[in-house]
2 protein chains.
Amino acid sequence: MKDNNDMPGHLARRFQQIAVAVFLAEVGEAGFDLTPVQYAALATIKANPGLDQVTLAGLIAYDRTTITGVIDRLVQKGLIERRASSRDRRARELEITDEGRRALRKITPAVESAQRIMLRGLSAKEGEELMRLLRKAIAAGNELSRAPLRE
Amino acid sequence: MKDNNDMPGHLARRFQQIAVAVFLAEVGEAGFDLTPVQYAALATIKANPGLDQVTLAGLIAYDRTTITGVIDRLVQKGLIERRASSRDRRARELEITDEGRRALRKITPAVESAQRIMLRGLSAKEGEELMRLLRKAIAAGNELSRAPLRE
DNA sequence: CGATATTGCTCAGTATGCTGACTATCAGTA
DNA sequence: TACTGATAGTCAGCATACTGAGCAATATCG
C-alpha cells in the first residue's frame with residue numbers, strides 16, 4: 001500500500017504545520033505575539049489604507065467569516081482601527097494605527113528570518129523552484145477553496 | 001515592498017487550504033463525511049492494529065492533544081474502537097472496525113482523485129518535483145513543530 | 001418606484017492545532 | 001521499597017478555517 005505520509009495533501013499539511021511553528025517562534029523571540037494570519041492582515045491593511053473586510057479577505061485568501069475574528073483581535077491589540085464606511089453603511093473601513101505601523105516595522109526581520117528557516121533544508125535554487133511550483137499549483141486550484149485570492 | 005502573498009509561509013497556507021477543500025469535496029461526493037485528518041488516522045490504525053495514541057500521533061505528525069478529539073469522532077462514527085491496554089493501563093489500544101474497513105476501501109478512490117486534483121496545474125514531472133522538495137524541506141524542519149513525525 | 005437579487009458583515013456550530021496544566025501510571029534508581 | 005522522573009492521556013483555553021444561516025444595506029431591473 002502507498003504510504004499515506006507521502007501524498008501531496010499530507011505534505012501540504014506538514015509543511016504548513018512547520019511554517020506556522022517557525023513563524024510563531026521567530027516572532028515570539030522578537031517579543032511579539034502575532035500569528036501569521038494577523039501579520040498578513042496587518043501588512044495588507046497598511047498597504048491598502050481604508051479597505052473593507054471583504055476586499056482584505058480576497059487579497060490574502062481568507063474566508064470572510066474568519067476575518068471577523070482576526071480583525072477583532074488586531075483591534076483589541078490596538079494595531080488597527082475599524083470604522084463604518086461613509087459610502088456604504090454595510091462596510092467597515094480598516095486603517096492601521098501608529099502602533100500597528102511600529103509593530104510591523106519591528107516584526108519584519110523576524111518574519112523574513114522565519115521564511116528562511118522553513119526552507120533551510122533546500123538550496124537557494126531549490127527554494128525558488130519550490131515556490132514556483134507552489135504558486136503554479138495554487139493558481140490552478142485557486143477557485144477550489146471557499147476563500148480564493150482576488151486581485 | 002515585497003509581496004506578502006509571495007512568501008513561503010503564505011504559499012504553504014494557501015496550498016494546504018486548497019488541498020483540504022479538494023479532499024472534502026471529493027470525499028463528500030463519494031458520500032462520506034471524513035476529514036483529511038480523520039482519514040489519515042483511520043488508515044494508520046488499519047495498518048498498525050492495536051497501536052496507542054501517542055504512537056499514532058507520531059506516525060502522522062499530529063499533536064497528542066489534537067488526536068484525542070479526532071479519535072473521539074472516529075469512535076463516534078463507529079469506524080474504530082478504543083480500549084484500555086492490558087500491558088499499560090495508561091495507554092489505549094486502537095483498532096479499526098469492520099465498518100471502518102469498509103469506509104476506508106470505498107473512500108480510497110476519492111482520496112486518490114483528490115491528490116491528482118490538487119496538483120492539476122502541474123505536469124507529472126513538476127508534481128514529482130514539488131513533492132520531492134516538500135519532503136526535503138519537511139525533513140529538515142521536522143523537529144521545529146510540536147508534533148514531529150516519529151517513525 | 002418597487003420587488004428582487006446581491007453584497008458586507010456577523011453569528012452559531014464544528015473541526016483542526018496549539019500551549020500549558022493536570023492525573024494516573026510506569027520505569028529507573030538510591 | 002520509596003523517591004524521582006518520564007510517559008499516556010485528557011482538559012481548558014485560544015486561534016484559525018469552514019458551513020450555513022441571518023440581518024441590514026445597496027444594486028438592479030421590470
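A note on names: the letters A, B, ... follow the listed sequences, proteins ahead of strands, and every chain is numbered from 1.
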| task | With heavy atoms under 4.0 Å as the rule, sort B:V70 into base, sugar-phosphate or nothing. | result | sugar-phosphate
| remark: Closest heavy-atom pair, A:L119 versus B:P8, reported as atoms and distance to 0.1 Å, is CD1-CG, 3.6 Å
| task | Could you check which residues of residues 56-69 of chain A get a heavy atom under 4.0 Å from DNA chain C? Sort them by number, please. | result | A:R64, A:T65, A:T68
| message | Is there a side-chain contact between A:Q53 and the phosphate of C:dT10, meaning an N or O under 4.0 Å from OP1 or OP2? | response | yes
| If you measure from the Lys or Arg side-chain nitrogens to the Asp or Glu carboxylate oxygens, is any gap between A:R82 and A:E93 under 4.0 Å? | no
| remark: To the nearest angstrom, the CZ-C1' distance between A:R89 and C:dT7 comes to 15 Å
| query | Hey, does the side chain of B:Y39 reach the backbone of B:F23 with a donor-acceptor pair shorter than 3.5 angstrom? | reply | no
| request: Could you tell me whether a side-chain N or O of B:E126 sits under 3.5 Å from a main-chain N or O of B:S123, the two making a donor and an acceptor? | output: yes
| request: Have a look at B:E93 and say if it touches a base, only the backbone sugar-phosphate, or nothing, with a 4.0 Å heavy-atom cut-off. | output: nothing
| Under a 4.0 Å heavy-atom cut-off, which of residues 134-151 of chain A touch DNA chain C? | none
| request: Could you tell me whether A:E129 and A:R132 have a side-chain N and a carboxylate O separated by less than 4.0 Å? | output: yes
| Position toward the 5' end of DNA chain C (nearest nucleotide), A:D72 or A:A91 | A:A91
| query | Same hydrophobic cluster for B:L79 and B:F32, using side-chain heavy-atom links shorter than 4.5 Å among ILVMFWY? | reply | yes
| task | Could you check which residues of residues 33-42 of chain A get a heavy atom under 4.0 Å from DNA chain D? Sort them by number, please. | result | A:T35, A:V37, A:Q38
| message | Output the rounded distance in Å from CZ (B:R90) to C1' (C:dC22). | response | 15 Å
| On DNA chain D, which is the earliest and which the latest nucleotide, 5' to 3', with an atom closer than 4.0 Å to a heavy atom of chain A? | D:dA15 to D:dT26
| Taking atom CD of A:E95 and atom CG of A:L51, what is their separation to the nearest 0.5 Å? | 9.0 Å
| request: Output every pair passing salt bridge (Lys or Arg N to Asp or Glu O under 4.0 Å) with a member in residues 16-33 of chain B, not counting sequence neighbours, ordered by first then second residue. | output: none
| C:dG17 OP1/OP2 closer than 4.0 Å to side-chain N/O of A:R13 | yes
| note | Closest non-hydrogen contact found for A:A61 with B:R14 is CB-NE, 3.3 Å
| Selection residues 137-151 of chain A - residue pairs positive for salt bridge (Lys or Arg N to Asp or Glu O under 4.0 Å), sequence neighbours left out | A:D63-A:R146, A:E143-A:R150
| message | How about CD on B:E81, more than 12 heavy atoms from neighbouring residues, nucleotides or ligands closer than 6.0 Å, or not? | response | no
| d(CG, A:D88; C1', C:dT6) in whole Å | 12 Å
| remark: Result for 5'-nearest mapping on DNA chain D, choosing between A:K77 and B:Q17, is A:K77
| task | Any chance you could measure A:R120, atom CZ, to B:K136, atom NZ, to the nearest 0.5 Å? | result | 13.5 Å
| For the residue pair B:A12 and A:F15, what are the closest heavy atoms and their distance? | CB-CD2, 3.5 Å
| task | For B:D52 and B:T55, test the side chains for any donor-to-acceptor distance below 3.5 angstrom and give the result as yes or no. | result | yes
